[in-house]
Student: 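For reference, the structure I am asking about is given below.
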Amino acid sequence: MASPYVEGETGLTDIEIADVSQHVGEEIRIKGWLYNRRSSGKVHFMLVRDGTGTIQAVVGKGEVSPEVFELADSLGQESSIVVSGVVRADARAPGGYELVLSSLEVVQSVSDYPISPKEHGVAFLMAHRHLWLRSRRQLAILKVRAELVRACRDFFDDRGFVLIDAPIFTPAAVEGTTTLFEVGYFNDTAFLTQSGQLYMEAACMALGKVYCFGPTFRAEKSKTRRHLTEFWMIEPEVAYCDLEGDMRLAEELVVYVVERILEKRREELDILERDTAPLERVRAPFPRISYDDAVKRLQEEGSEFTWGSDFGAPDETLLSNQYDQPFHVHHFPVGCKAFYMKRDEETSKHCRGFDTLAPEGYGEIIGGGQREDNLENLERRIAEHGLPREAFEWYLDLRRYGSVPHAGFGLGLERTLAWICNLPHLRETIPFPRLLDTVYP
RNA sequence: UCCUCGGUAGCUCAAUCGGCAGAGCGGGUGGCUGUUAACCACUAGGUUGCAGGUUCGAGUCCUGCCCGAGGAGCCA
């Protein structure tokens with residue numbers, strides 16, 4: 001049986017709005033939704049969107065039946081419609097092309113769509129996130145996000161990395177459980193992953209170069225523009241790699257993805273009114289500053305920051321404003337970083353870890369470093385941090401059987417996207433954000 | 001958890017010193033043959049977050065609570 005929506009079975013040429021310029025003069029059909037409607041009495045203008053773009057359908061009285069003319073004027077915003085007609089280039093049309101409507105099929109007539117083309121508050125939009133996604137700005141962000149994901153994958157795939165999926169359920173408390181989401185696991189308890197890194201360390205000893213890309217969960221009581229409770233991280237891990245190699249990999253990745261977005265998603269950046277000049281400046285190698293020098297820099301600027309603590313948001317912003325492209329901060333004090341971070345033998349106070357901070361006040365988008373590969377050192381670290389050794393036996397095995405220097409990092413997808421799109425808040429970077437007090441819709 | 005600000009029509013907001021609760025958008029009705037978040041006219045639409053208090057009189061002042069936003073802390 002013929003389907004009314006399968007091309008070739010209806011005798012009509014179905015096109016996507018993004019392709020209208022290739023169909024000027026042809027009679028075609030578009031399946032979409034009514035974005036907005038205007039009229040000047042004898043001519044109605046229906047702004048139709050289909051996800052690939054928007055086009056105005058012109059409905060002239062006398063050119064269609066009185067019933068269709070009436071119908072076109074009665075539809076509410078977001079009514080689902082299938083429109084047919086001839087594509088015409090016209091300077092008066094938004095986008096330069098319009099559809100001279102000959103027939104109109106109403107799949108559903110809608111009234112009282114909640115989101116009008118006027119301004120709305122954040123709380124209202126968040127409560128209607130499922131509908132907010134249809135707006136022009138959100139479409140643009142989601143398309144850049146999809147391109148960013150693809151660019152990350154291509155970067156690693158093209159360099160011989162193997163995609164390894166890390167588990168979402170993880171066993172027993174590694175460190176304090178306060179930042180982990182606890183879930184029932186049959187008659188036991190499991191936790192949602194905070195990072196796939198430890199598993200990537202195992203995988204890189206098998207495959208050399210690996211990465212994982214998936215959601216991570218943090219049960220932190222953070223109520224800021226830079227935190228989500230569920231976010232996506234891409235985490236590469238490389239055997240026979242040190243801090244220097246790790247930082248080079250990180251900057252090559254950032255340069256690659258920024259170039260890709262500039263190449264493929266300029267139109268979306270335009271919609272977002274993103275000034276692309278700061279993105280055009282991104283190139284490797286990134287400026288590097290040691291933690292010690294960063295502390296000096298902060299103190300010169302009048303901050304009361306003391307050696308040994310981790311940077312707070314204002315500190316990151318202050319540093320970030322001194323560079324016009326991303327930069328690495330490296331060699332943090334051992335107290336700032338995790339138990340698995342390799343110590344620098346020369347100073348013993350520092351570890352071979354780094355953060356990459358995005359400019360324009362965005363701060364940390366990457367955190368990583370070289371891992372402790374010596375069994376005795378790692379055992380000592382686990383004890384010093386008061387961690388349950390039995391939970392790490394499998395991890396210690398990696399240092400018993402063919403241990404090598406290795407390093408990796410995690411890139412926060414949403415923070416990177418927020419910077420690339422110049423968004424004020426992380427909540428717009430993910431389709432359905434999970435925040436401290438938001439799990440709906 | 002702490003600090004700051006806010007909650008008035010479906011949405012965005014206004015309401016002077018405590019004195020008749022309003023506008024724009026959206027909805028409805030009518031008009032307009034090229035609109036660009038169209039425009040014009042008319043119209044419907046209110047438990048001013050909740051509970052209590054002060055007052056002749058409370059959207060406005062006081063107390064408590066709820067909800068939201070921004071920030072801080074927190075953040076292998």
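Proteins get letters first, then strands, A, B, ... in listed order; numbering begins at 1 in each. The figures that follow rest on heavy atoms only: side chains count, while hydrogens, waters and symmetry mates do not.
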Student: Would you say that more than 12 heavy atoms from the other residues, nucleotides or ligands in this model lie under 6.0 Å from the CD of A:Glu26, or not?
Tutor: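 Counting neighbours around CD of A:Glu26, more than 12 heavy atoms of other residues, nucleotides or ligands fall under 6.0 Å, so yes.
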
Student: How does protein reach along nucleotides 6-15 of chain B, written 5' to 3' as B (base within reach of a heavy atom under 4.0 Å), S (only sugar-phosphate), or - (no contact)?
Tutor: -----SS---

Student: Looking at B:rG30, which nucleotide sits across from it as a Watson-Crick or G-U wobble partner, both distances under 3.5 angstrom, or is there none?
Tutor: B:rC40

Student: Tell me what A:Asp310 touches on the nucleic acid: a base, only sugar-phosphate, or nothing, going by heavy atoms under 4.0 Å.
Tutor: nothing

Student: Which base, if any, makes a Watson-Crick or G-U wobble pair with B:rU55, both distances under 3.5 Å?
Tutor: none

Student: Would one find a side-chain N or O of A:Arg427 under 4.0 angstrom from OP1 or OP2 of B:rG70?
Tutor: yes

Student: Among A:Arg226, A:Arg427, A:Arg145, which residue satisfies the side chain to side chain donor-acceptor pair (under 3.5 Å) criterion with A:Glu414?
Tutor: A:Arg145

Student: Could you please name the partner base of B:rC75, counting Watson-Crick and G-U wobble pairs only when both distances are under 3.5 Å?
Tutor: none

Student: With a non-hydrogen cut-off below 4.0 angstrom, is A:Arg415 in contact with a base, only sugar-phosphate, or nothing?
Tutor: nothing

Student: For A:Glu70 and B:rG31, what is the distance between atoms CD and P respectively, to the nearest whole Å?
Tutor: 10 Å

Student: Can a donor-acceptor pair under 3.5 Å be found between the side-chain atoms of A:Glu98 and the base atoms of B:rG34?
Tutor: yes

Student: Could you measure the distance from the CD1 atom of A:Ile141 to the CG atom of A:Leu417? Nearest 0.5 Å is fine.
Tutor: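 Interatomic distance, A:Ile141 CD1 to A:Leu417 CG, rounded to 0.5 Å: 7.5 Å.
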
Student: Base, sugar-phosphate, or nothing for A:Ser39, non-hydrogen atoms under 4.0 angstrom?
Tutor: base

Student: Could you give the CD-to-P distance, from A:Glu63 to B:rU35, as a whole number of Å?
Tutor: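 It is 16 Å, rounded to the nearest whole Å.
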
Student: Closer than 4.0 Å, any side-chain N/O of A:His44 to the OP1 or OP2 of B:rG34?
Tutor: no

Student: Provide the Watson-Crick or G-U wobble partner of B:rA69, both distances under 3.5 Å; none if there is no partner.
Tutor: B:rU4

Student: What integer distance in Å separates A:Lys337:NZ from B:rC75:P?
Tutor: 12 Å

Student: Quick one: look up who B:rU60 pairs with, Watson-Crick or G-U, both distances under 3.5 Å, and put none if it's unpaired.
Tutor: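 Pair assignment: B:rU60 / none.
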
Student: Please report the distance, rounded to the nearest Å, between CD in A:Gln56 and C1' in B:rA37.
Tutor: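 In whole Å, B:rA37 C1' lies 14 Å from A:Gln56 CD.
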
Student: CZ of A:Arg136: more than 12 outside heavy atoms within 6.0 angstrom?
Tutor: no

Student: Within the pair A:Lys223 and B:rG70, is there a side-chain N or O less than 4.0 Å away from OP1 or OP2?
Tutor: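 For A:Lys223, the contact criterion (side-chain N or O under 4.0 Å from OP1 or OP2 of B:rG70) is not met.
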
Student: Fit a plane to each ring of A:Tyr323 and A:Phe327, take the angle between them on a 0 to 90° scale, and name the class: parallel (under 30°), tilted (30 to 60°) or perpendicular (over 60°).
Tutor: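 If you compare the ring of A:Tyr323 with that of A:Phe327, the planes turn out parallel.
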
Student: Between the base of B:rC75 and the side chain of A:Ser222, is one N or O donor paired with an acceptor at under 3.5 angstrom?
Tutor: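 Between B:rC75 and A:Ser222, which were checked side chain against base, a qualifying N/O pair under 3.5 Å is absent.
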
Student: Distance check, C1' atoms only: B:rC2 and B:rG26, in whole angstrom units.
Tutor: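 Between the two C1' atoms, the distance is 40 Å.
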
Student: For A:Tyr340, answer base if it contacts any base atom (sugar-phosphate contacts may also be present), sugar-phosphate if it contacts only those atoms, and nothing otherwise; contact means non-hydrogen atoms under 4.0 Å.
Tutor: base

Student: Just to be sure I understand the rule, does A:Ala93 reach a base, reach only the sugar-phosphate, or reach nothing, if contact means heavy atoms closer than 4.0 Å?
Tutor: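 Since a base atom lies under 4.0 Å of A:Ala93, the category is base.
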
Student: Once you round it to whole Å, what is the distance between C1' of B:rA72 and CZ of A:Arg226?
Tutor: 12 Å

Student: Any strand is fair game: report the nucleotide pairing with B:rU48 by Watson-Crick or G-U wobble, both distances under 3.5 Å, or none.
Tutor: none

Student: Can you list the residues that meet the side chain to side chain contact (heavy atoms under 4.5 Å, CB included) rule with A:Arg153, with sequence neighbours excluded?
Tutor: A:Val149, A:Asp157, A:Leu163, A:Tyr211, A:Phe213

Student: On the 0 to 90° scale, with breaks at 30° and 60°, tag the A:Tyr291-A:Trp307 ring pair as parallel, tilted or perpendicular.
Tutor: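 Correct class here is perpendicular.
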
Student: Without decimals, in angstroms, what is the distance between A:Asp315 CG and B:rA72 C1'?
Tutor: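 Answer to the nearest Å: 12 Å.
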
Student: What distance separates A:Leu34 CG from A:Gln108 CD, expressed to the nearest 0.5 Å?
Tutor: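 One gets 12.5 Å once the value is rounded to the nearest 0.5 Å.
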
Student: Give A:His128 one of three labels, base, sugar-phosphate or nothing, depending on what nucleic acid heavy atoms sit under 4.0 Å from its own.
Tutor: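 The residue A:His128 makes no contact with any strand.
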
Student: For B:rA51 versus B:rG7, give the span between their C1' atoms, rounded off to a whole number of Å.
Tutor: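 Per the computed distance, 16 Å lies between those C1' atoms.
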
Student: Tell me, please, which residues at least two apart from A:Glu364 pass salt bridge (Lys or Arg N to Asp or Glu O under 4.0 Å).
Tutor: none

